[in-house]
Amino acid sequence: MALSPDDVAALARLARIEMTADELAHLAPQLDVILESVASVSDVATEDIPPTSHALPLTNVFREDVVRPSLPVADVLAGAPASEQDRFRVPRILGEA
């Protein structure tokens, strides 16, 4: 199934991307090749191969989470430009009241 420029325009609208007619005509065949390539993967996959997220087995390399003493609140807030109720004070954003 080949993608038409109208199909690409519908996708662009969903993604809120403005595209010219030339861009739509140029992108439609490229997206069609991508979709065909992705579809070809399903032809290779067989029932006897379990789905995996990686080609090689991975192990967790994170260290154990150990609780340790932290800095006192006063020391942490000593370098802050402003603090309030033992917290960093930051300016309001996004027009909040």
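Between the CG atom of L3 and the CG atom of L24 there is a distance of 11.5 Å, given to the nearest 0.5 Å. Residue D32 holds its CG atom at 11.0 Å from CG of L27, rounded to the nearest 0.5 Å. Note that the NE2 atom of H26 and the CE atom of M19 stand 9.0 Å from one another [nearest 0.5 Å].
Under a hydrophobic clustering in which Ile, Leu, Val, Met, Phe, Trp and Tyr are joined whenever their side-chain heavy atoms come within less than 4.5 Å, directly or via other members, L11 and L35 fall into different clusters.
Its side chain within the 4.5 Å cluster rule, L77 clusters with L71, V73, V76, F88 among the Ile, Leu, Val, Met, Phe, Trp and Tyr residues.
Note on residues 70-86: pairs passing salt bridge (Lys or Arg N to Asp or Glu O under 4.0 Å), not counting sequence neighbours, are E84-R89.
The two atoms that bring A25 and P5 nearest to each other are CA-CG, 4.2 Å, heavy atoms only.
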If you look only at distance, which donor and acceptor atoms sit under 3.5 Å apart when one is on a side chain in residues 55-68 and the other is two or more places apart or in another chain?
from : atom 1 : to  : atom 2 : distance (Å)
N60  : OD1    : F62 : N      : 2.9

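For the pair Q30/V33, no side-chain contact is recorded, criterion being any heavy-atom separation below 4.5 Å from C-beta on.
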